[in-house]
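What follows is a set of notes on a single structure, which appears directly below.
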Amino acid sequence: MTDSTDRNAASPVDPAAYDPAVVERKWQDHWEARGTNHTDLGGGASPFYALMMFPYPSAEGLHVGNLFAFTGNDIYGRFQRLQGHTVFEPLGYDAFGIHSENFALKVGVHPADLIPKNIDNFRRQLKRGGLMVDWRHELSTTDPSYYKWTQWIFLQLYKRGLAYKKRAAVNWCPNDKTVLANEQVIAGECERCGAKVEQRFLEQWFFRITDYAGRLLANLDWLDWSESTKLAQRNWIGRSDGAEITFRVQDLEEFTGTATIGIATGEFSANPIEIRVFTTRPDTLFGATYLVLAPEHPLVDGLTTDAQRDAVGEYKAATAKQDIVSRKVNKEKTGVFSGAFAINPATQQPIPIWVADYVLMEYGTGAIMAVPGHDERDFEFATVFDLPIVRVVAGPEIVDSHAPLEVAYTETDGGRLVNSGEFTGMPVADAKRAVSDWLAAHGQGRGVVNYRLHDWCISRQRYWGPPIPIVYCEKCGTVPVPESDLPVELPYVEDFRPGDDGVSPLARVESWYRIACPSCGGTARRETDVSDTFLDSAWYFLRYPSSDVDDEPFDPTLTRKWLPVTSYIGGNEHAVLHLLYSRFITMVLHDAGNIDFEEPYRRFRAHGTIVRDGAKMSKSRGNVVNPDEYVEKWGADTFRTYLMFLGPYEEGGDFRDQSIAGVRRFLDKLWTTVLESSTVGAADPQVMRKLHQTIKKVSEDIPALSYNTAIAAMMEFMNVVRRGNRDAHRDEVLPLVQLAAPFAPHIAEELWERAGGNGSVFDVRWPAYDPALAADELITLAVQVNGKTRGTIQVAPDATQEIAFAAAMAEASIAKFVTGPPKKIIFVPRRLLNVVA
RNA sequence: GCCGAAGUGGUGGAAUUGGUAGACGCGCUGGCUUCAGGAGCCAGUGGGCGCAAGCUCGUGGGGGUUCGAGUCCCCCCUUCGGCACCA
């Protein structure tokens, strides 16, 4: 009979006695009753704000991806608490928006009735997950006491001239019957339903985020964020350095007096004889053989000659009818000649002015100088319409600068100008500057910076959102709702379907929208659009600490103490939208003097996504993981730990049902080993050495979010503790309970209590790592001969090259490869010895 | 098309950042235990050759740098994300 038989038979604690359901219920009740997870916001020393992106409470319930995200944040937060910080880990619900509204429409239940139920379900599921959340600060964006302040933020922007209304071409989803932000249009289709997005013109509220483009970009340089996220933001902001160049239209007499130029935005010259273009390649000015205006460009009508008027009018009409998909996805070049010519300031030659939809009104000046020799699009257009193509840049290879180009030459590195008058021979980079300077000196241009970022359209012609706090008075015009009148409550209306005319459902509620003007008391009506969900989530982190404050959005003292957010964890799907908008709103509030910081999140880490059996989880595939089922079967501690074990947290991982058993086995072993551990005698120094190595590893891995390797290290230690069926000593395993606590908090509390620990394991300090105890007596050194590993030797950690070499040569299996006297010996202390013969 | 990330055993994934490739887990194989099944425990488990000691090959493919490359450089292939006529 073996030892293991005896051990199983005589075991005082049956492993089956670990019943996660019982343990988890017990500790969740204790935490609630004892306020273990309550944060002392006013008094806590060393505040640590561990924020996670709050979920949208869908009717389907908590997604395993949510739990993965929150668990990762929870482990980080619990670890920081064990390090002595006062950790604040709040949670709330992003419950406004088209998601909820569409679902409500589908099932025929009012969102105001549906959302509270969903939230209750979410809260139940989240609590089962054992998160260290201070539920006293829970919030929902749909609560009037919350969106009162969302509206207040709108008013702050309005006051500062950062909220404005304009009639604009917007992305219109014919299925959801609403306007979409550019960011919500994916390859010309609605992000939500996939319908082809059309162009419509509506009066919309915009935020001037473009005013902040430079700062939003510059601050990225010092933010401690995931690089991938910063890069996504940089690309989204899309800075390009170039020049604005003014072209004079030829034969100005022809236009003077006849042109009616709509100068709507002030961006265009009031003088109809000038066209301004933006280019990143001023160096190619000599190669500009024609100009192109966007069909919507305000100068088009004034420029067009009588002979071309019908053709241009027809083209404009065709473009306007086109939806954005065809316009942006269909890349065949179309266009029409305006009949007019402009003078190229460099060559002094007249060049034709064309109108084409490959030039977009919303970027740059809505007009370009076309350089077909060095731009692929222009090349294609010039080929279709038989316009001249001139080479003005050549690479280092010898070319005939007058030979026709087969394709556009877009290379700039090593290129020099040709056919460019006084600039010929100049390297491209120098020529960019030189041509810009030359233009500036002649009053025909200047260096400018352009951004791809557009202003943020926040209007939504929908029901389920905070009404925009604006009143239109017959006498006073646009009047902001006084702050004392907030919130503008969203009325409960039975018919909340979106109108298919682009008008908000609130416009059907006359009793609501007809009010007296807050300024003059005269006849007025409310704005009937609601604001974008992204505005709700752009400031929620400011509200959490002050969630119970009624008379202001955020208490100044609490805010100074707790913000900016110490650590933010969330999905990279919000890399541009939510993260950019919340940075913008924070900057505005900073500039308005409401807060003393301009960046909301000190540190941001993007977590990965979980797939199942190698495939994305989706309802249609039927491979969605329901957290309830798994928590039921394995326990929350096992489920949490498994989620963290299946891959690097920042990359995600592959959920496989089979593998979860391994984590449960680990917790089973933890249970029996701790409860059977001996308190008499002394701990084994070898095991204690491994323990301290494990403490070091886990302590380093958690802050780096390397949860999977931290768990592996604990498993490894467990194997050492149990090696050869030895009996563990309590001193060996009690620290392991602490190491495991952030991952598996319930079992850790239970074992801590049963093993005689005092109070909550989360009120004890993290075990200290002692380098002296962790130091190895002997280390294994790899021995290579000519770079090939031929064996290993055991030496003292401080062994010298001589000692190591002698030890290696004493091993016949190694020495036999060393045939002559060594030419060279490479010795890396504690790592390897390489003998080059 | 452009930008980004990544390709490692049967499998999820490790690898001190240029130093023993495959930690840890799953699965599999053998053994113990069990009425049986499961669970548990012990041992083994990259491929090839070999009874063995051992030899040899091996991190998507091809070249290179180096005493030494999964890691660095060049070219190519594949997959997954993001952007998409941005001048």
Side-chain angles (χ1 to χ4, degrees), chain A residues 1-5 7-9 11 15-16 186-188 227-228 231-232 234-236 238 240 242 277-281 292 327-333 356-360 362-371 375-378 380-381 450-454 572-573 575-576 608-609 611 613-614 616 642 645-648 651 653-663 665-666 668-669 672 697 700 706 708-716 718-719 722 724-725 780-792 813 822-826 828 830-837:
Chain A
M1 209 174 244
T2 64
D3 283 2
S4 65
T5 324
R7 188 168 179 262
N8 272 352
S11 177
I186 310 299
E227 277 308 315
S228 60
L231 189 70
R234 285 195 182 100
N235 290 340
W236 194 262
S240 17
V277 306
F278 173 71
T279 179
T280 55
R281 296 291 306 275
V292 188
R327 169 110 185 228
K328 294 206 166 179
V329 174
N330 186 353
K331 301 202 173 161
E332 277 119 64
K333 295 289 175 286
D357 68 357
Y358 82 95
V359 173
L360 308 174
E362 63 264 26
Y363 185 76
T365 61
I368 62 156
M369 65 174 202
V371 184
D375 180 281
E376 282 164 15
R377 296 152 302 179
D378 297 343
E380 198 189 325
F381 189 84
N450 238 297
Y451 295 97
R452 216 189 69 119
L453 186 69
H454 292 51
N572 232 350
E573 68 273 20
V576 283
T609 48
V611 298
D613 300 319
K616 210 176 198 168
Y642 176 60
F645 185 58
L646 47 70
E651 283 164 39
D654 194 350
F655 192 99
R656 308 216 162 200
D657 285 32
Q658 261 186 338
S659 326
I660 195 169
V663 171
R665 279 201 268 272
F666 169 68
D668 282 339
K669 286 180 197 167
T672 41
K697 174 82 176 145
E700 287 170 357
S706 299
N708 55 334
T709 52
I711 295 164
M714 289 189 279
M715 289 173 165
E716 213 176 307
M718 177 65 78
N719 292 340
R722 295 169 60 93
N725 273 322
T780 306
L781 207 62
V783 181
Q784 299 183 336
V785 179
N786 292 326
K788 283 197 176 191
T789 304
R790 296 301 184 178
T792 59
S813 58
K823 279 196 206 116
K824 191 171 165 189
I825 295 175
I826 287 127
V828 183
R830 306 180 67 93
R831 293 267 175 267
L832 97 168
L833 179 78
N834 185 6
V835 181
V836 184

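What you are looking at is a predicted structure, and each value in this text was computed from that prediction instead of being measured. A, B, ... follow the sequence lines: proteins, then strands. Residue 1 opens every chain.
OP1 or OP2 of B:rA23 has not a single side-chain nitrogen or oxygen of A:Asn708 nearer than 4.0 Å. Applying the 4.0 Å criterion to OP1 and OP2 of B:rA87, one finds that A:Ser240 has a side-chain N or O inside that range. Between A:Thr789 and B:rA21 there is a side-chain N or O to OP1 or OP2 distance below 4.0 Å. Contact between the side-chain N/O atoms of A:Lys669 and the OP1/OP2 oxygens of B:rA39 is not found at any separation under 4.0 Å. In terms of phosphate contacts, A:Arg790 brings a side-chain nitrogen or oxygen within less than 4.0 Å of OP1 or OP2 of B:rU56. Distances shown here put a side-chain N or O of A:Arg665 below 4.0 Å from the OP1 or OP2 atom of B:rG40. Taking only side-chain nitrogens and oxygens, A:Arg722 comes nearer than 4.0 Å to OP1 or OP2 of B:rC41.
Distance check on atom P: B:rG12 versus B:rG27 gives 15 Å, rounded to whole Å. Using P as the reference atom, B:rG9 and B:rG4 are 27 Å apart when rounded to the nearest Å. Comparing the same atom, P, in B:rG25 and in B:rC74 gives a spacing of 39 Å after rounding to whole Å. B:rC80 and B:rG13: their P atoms are spaced 16 Å apart (whole Å). Distance check on atom P: B:rG46 versus B:rA53 gives 14 Å, rounded to whole Å. Comparing B:rU59 with B:rA21, their C1' atoms are spaced 7 Å from each other, to the whole Å.
One can place CZ of A:Phe666 at 20 Å from P of B:rA39, the figure rounded to the nearest angstrom. We find that OH of A:Tyr642 is positioned 9 Å from C1' of B:rG25, with the value rounded to whole Å. Look at CD on A:Glu227: it is 16 Å from C1' on B:rG82, rounded to the nearest Å. Straight-line distance from the CG atom of A:Asp668 to the C1' atom of B:rA39: 10 Å, rounded to whole Å. Between A:Trp236 atom CH2 and B:rG4 atom C1' the separation is 15 Å, expressed in whole Å. A:Asn572 places its CG atom 12 Å from the P atom of B:rA5, with the value rounded to the nearest Å. What separates CZ of A:Arg234 from P of B:rC2 is a distance of 22 Å, to the nearest Å. Rounded to a whole Å, the CD1 atom of A:Ile660 is 18 Å from the P atom of B:rG12.
Residues A:Leu646 and A:Arg656 have side chains not in contact (no heavy-atom distance under 4.5 Å, counting atoms from C-beta outward).
The side chain of A:Pro648 lies closest to B:rA14, out of B:rC24, B:rA14, B:rU20. Nearest to the side chain of A:Thr280, among B:rC26, B:rC85, B:rA87, sits B:rA87. Picking from B:rC26, B:rA15, B:rA87 the nucleotide with the shortest atom distance to the side chain of A:Ser659 gives B:rC26. Of the candidates B:rC24, B:rU20, B:rC83, B:rU20 carries the atom nearest the A:Thr780 side chain, counting heavy atoms from C-beta on. Listed nucleotides B:rA15, B:rC26, B:rG12 differ in distance to A:Asp654; the shortest reach to its side chain belongs to B:rG12. When distances are taken from the side chain of A:Met715 to each of B:rC3, B:rG25, B:rA87, the shortest belongs to B:rG25. When distances run from any side-chain atom of A:Phe645 to the nucleotides B:rG13, B:rG68, B:rG25, the shortest one goes to B:rG25. Set against B:rG25, B:rG12, B:rG27, the side chain of A:Leu646 has B:rG12 as its closest nucleotide. If you check B:rC85, B:rU16, B:rC57 against the side chain of A:Lys333, the one that comes closest is B:rC85. When distances run from any side-chain atom of A:Asn719 to the nucleotides B:rA87, B:rG25, B:rA14, the shortest one goes to B:rG25.
Applying the Watson-Crick and G-U wobble criteria (two distances, each under 3.5 Å), B:rG18 pairs with nothing in any strand. Nucleotide B:rC26 has B:rG10 as its partner under the Watson-Crick or G-U criteria, with both atom distances under 3.5 Å. Across the strands present, B:rG81 finds its partner in B:rC3; the criterion is a Watson-Crick or G-U wobble pair with both atom distances under 3.5 angstrom. Across all strands shown, nothing is found opposite B:rA39 as a Watson-Crick or G-U wobble partner with both distances under 3.5 Å. With a 3.5 Å ceiling on both atom-pair distances, the Watson-Crick or G-U wobble partner of B:rG46 is B:rC57. Across all strands shown, B:rU34 has no partner, as no Watson-Crick or G-U wobble contact with both distances under 3.5 Å is found.
Figure legend: cation-pi geometry between A:Lys333 and A:Phe381 absent, as NZ or CZ is not positioned both under 6.0 Å from the six-membered ring centre and within 45° of its axis.
Not one N or O on the side chain of A:Ser659 forms a donor-acceptor pair closer than 3.5 Å with the backbone of A:Phe655.
Heavy-atom distances to RNA chain B give each of A:Ala661 and A:Ala367 a nearest nucleotide, and the one nearer the 5′ end belongs to A:Ala661.
Counting non-hydrogen atoms under 4.0 angstrom, A:Leu231 reaches the backbone sugars and phosphates but no base. When heavy atoms are screened at a 4.0 angstrom cut-off, A:Thr792 is found touching base atoms of the nucleic acid. No contact: A:Lys697 has no heavy atom under 4.0 Å from any strand. Across all strands, A:Val828 comes closer than 4.0 Å to base atoms (heavy-atom distances). Using a 4.0 Å heavy-atom distance criterion, A:Gln658 is classed as a sugar-phosphate-only contact.
For the residue pair A:Pro822 and A:Val835, the shortest heavy atom distance occurs at CB-CG1, 3.7 Å. The two residues A:Asn572 and A:Ser228 have their closest heavy-atom pair at ND2-OG, 3.1 Å. Considering all non-hydrogen atoms of both residues, A:Asn235 and A:Arg452 come closest at O-NE, 3.7 Å.
Glycosidic conformation of B:rU56: anti, with the torsion beyond 90° of 0. Annotated as syn: B:rG9, whose glycosidic dihedral is within 90° of 0.
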